[in-house]
Amino acid sequence: MTATGNTPPAEGEAQATRQSRLHRLMRYIPLIAPVLLWAVPCWVLLHSGQHWPLPVTLIGTALFAVGLICMPLAMVRGHGRRQQDRAAILGDTLLGSSWVLFTWSVLLGVFLRLGLTLAGVGQSQDRARIVTWAVVGVTAVLLGWGYAEARRVPRVRRLDVQLPRLGAGLDGIRVVLITDTHYGPLDRAHWSARVCETVNALEADLVCHTGDIADGTAARRRAQAAPLGTVRATRARVYVTGNHEYYSEAQGWVDLMDELGWEPLRNRHLLLERGGDTLVVAGVDDVTAESSGLAGHRAHLAGALNGADPDLPVLLLAHQPKFVDRAAAAGVDLQLSGHTHGGQIWPFHHLVHLDQPALAGLSRHGTRTLLYTSRGTGFWGPPFRVFAPSEITLLVLRSPRG
């Protein structure tokens with residue numbers, strides 16, 4: 001018989017075998033990652049030639065072992081079925097701390113030690129101890145700074161965005177974007193109120209929230225989300241779901257946002273008119289909606305644009321940047337997204353790029369479509385932001401005929 005496929009049978013079997021091995025390996029990552037996050041710094045700081053006094057080595061190793069045991073246990077208790085906020089705070093903090101410590105143990109453990117060796121600085125033990133103190137110092141500074149960055153009210157990022165199809169009557173319309181507020185185990189009701197005050201000071205025509213409001217149900221995080229009801233806009237306040245809503249009873253969040261006066265754009269649009277010109281403001285559910293099993297929840301761009309004049313410019317809200325492929329195919333003018341957090345803790349952005357086409361800022365996709373990706377207003381999990389500052393975004397839409 002003659003094979004009719006493009007891949008020879010033997011090659012196809014080999015490829016299937018490789019994929020099967022990869023899938024098996026992926027199952028072990030949750031077990032391997034915590035070990036690496038704690039074992040590598042332990043080795044670099046304590047067992048790579050420092051020759052610390054025995055009590056120092058034993059106590060230090062014991063602390064790393066406690067971290068390795070406590071982190072996954074706390075994460076499970078905090079984010080699993082029990083949903084214990086104190087455990088979540090502990091697990092998230094240990095996760096962020098171990099990631100920063102692991103990163104700089106690798107970087108300084110390799111490059112600083114190599115530089116000291118080439119420069120002929122001290123003996124082997126001296127160089128090992130210099131590396132240890134450098135890693136501890138850099139980690140402490142970054143964690144302190146990263147915590148302050150995560151907990152502060154985001155700075156406002158302003159930019160003009162020209163849309164060729166935007167009518168002159170809409171030139172200068174002000175769009176404020178907040179996203180990924182992630183109200184969670186750390187009570188941030190006061191922070192939420194200050195964010196809303198900052199948004200109101202921008203005197204927006206349109207305020208958008210592109211999802212991931214919180215980690216937890218609407219009933220549980222209601223107090224932190226309540227200040228969103230104070231946000232003002234001259235035209236509309238619109239909201240779409242993010243993937244985290246689908247971990248926490250998404251319909252409850254849709255109902256709460258509606259109660260707070262926001263317009264949930266669940267695969268539909270509204271028209272924003274000024275000066276005789278019109279902008280279509282559309283929104284879609286997150287791409288994870290369909291797999292959530294919730295009836296009627298899915299990302300349906302055709303439904304969102306149904307009935308809209310195809311000659312009008314379109315502003316689309318979609319939580320994840322990777323939705324831009326569908327937006328570009330449909331001729332959307334501007335998509336607003338969040339989800340990436342800009343990586344949140346450097347260098348995690350390299351992993352984010354494996355899943356998303358854009359990390360932060362304005363990018364072009366296809367001949368017409370622009371994508372703006374926010375780094376997010378809050379933070380997820382670890383209460384740190386390292387080289388990925390949060391933001392409230394003010395986009396002033398410009399018409400070439402304005």
Side-chain angles (χ1 to χ4, degrees), residues 28-80 82 84-151 185-186 344-348 351 379-388:
Y28 291 107
I29 285 180
L31 299 176
I32 297 171
V35 174
L36 291 177
L37 287 177
W38 292 96
V40 170
C42 180
W43 174 261
V44 171
L45 301 185
L46 298 173
H47 300 280
S48 56
Q50 290 86 352
H51 302 297
W52 299 111
L54 183 60
V56 173
T57 302
L58 293 177
I59 293 172
T61 302
L63 289 176
F64 277 105
V66 169
L68 173 59
I69 294 169
C70 286
M71 186 183 77
L73 290 178
M75 294 288 286
V76 169
R77 293 177 72 91
H79 298 288
R82 298 191 181 190
Q84 295 179 347
D85 282 351
R86 290 184 179 179
I89 292 170
L90 175 61
D92 292 340
T93 302
L94 288 174
L95 175 61
S97 301
S98 63
W99 173 257
V100 174
L101 187 60
F102 169 83
T103 298
W104 292 96
S105 293
V106 172
L107 292 178
L108 295 177
V110 173
F111 296 108
L112 177 58
R113 180 169 294 195
L114 178 61
L116 292 173
T117 301
L118 293 176
V121 176
Q123 301 299 315
S124 176
Q125 176 178 298
D126 300 326
R127 293 192 291 269
R129 292 192 175 189
I130 290 173
V131 167
T132 293
W133 290 117
V135 170
V136 171
V138 168
T139 299
V141 169
L142 288 179
L143 288 177
W145 173 61
Y147 181 79
E149 281 287 298
R151 296 303 302 270
L186 277 171
Q344 187 165 319
I345 303 177
W346 186 90
F348 194 76
L351 298 179
F379 61 87
W380 173 85
F384 307 108
R385 274 187 171 268
V386 178
F387 305 131

Is there a side-chain contact between [X] and [Y], using heavy atoms and a 4.5 Å cut-off?
| X | Y | result |
| --- | --- | --- |
| P34 | M75 | no |
| T103 | P347 | yes |
| F64 | L45 | yes |

About how many Å separate [atom2] of [Y] and [atom1] of [X], when rounded to the nearest 0.5 Å?
| X | Y | atom1 | atom2 | answer |
| --- | --- | --- | --- | --- |
| L94 | L101 | CG | CG | 11.5 Å |
| M71 | I69 | CE | CD1 | 11.5 Å |
| L186 | F379 | CG | CZ | 5.0 Å |
| L108 | I130 | CG | CD1 | 12.0 Å |
| L46 | W52 | CG | CH2 | 8.0 Å |
| H79 | D92 | NE2 | CG | 3.5 Å |

Worksheet entry | Evaluation steps, side-chain contact (heavy atoms from CB on, under 4.5 Å), between H47 and T57 | CA-CA 8 Å; H47 300 280; T57 302; 3.4 Å; yes
For [X] against [Y], the heavy-atom pair lying closest together:
| X | Y | result |
| --- | --- | --- |
| L36 | P41 | O-CD, 3.8 Å |
| H51 | R129 | O-NH2, 3.0 Å |
| G96 | L143 | O-CD2, 4.2 Å |
| V44 | G109 | CG1-CA, 4.2 Å |
| R127 | T117 | NE-OG1, 3.3 Å |

Worksheet item: Should we say atom CZ of F102 is surrounded by more than 12 heavy atoms from elsewhere, each under 6.0 Å from it?
Response: yes
Worksheet entry | Test log, rule side-chain contact (heavy atoms from CB on, under 4.5 Å), inputs L142 and W104 | CA-CA 10 Å; L142 288 179; W104 292 96; 3.1 Å; yes
Worksheet item: Less than 6.0 Å separating the ring centroids of W145 and F387?
Response: yes
Worksheet entry | Sole candidate of L95, I345, V100 that passes side-chain contact (heavy atoms from CB on, under 4.5 Å) when paired with F384 | I345
Worksheet item: Looking only at atom types and distance, does a side-chain atom of Q344 sit under 3.5 Å from a main-chain N or O of P383, one as donor and one as acceptor?
Response: no
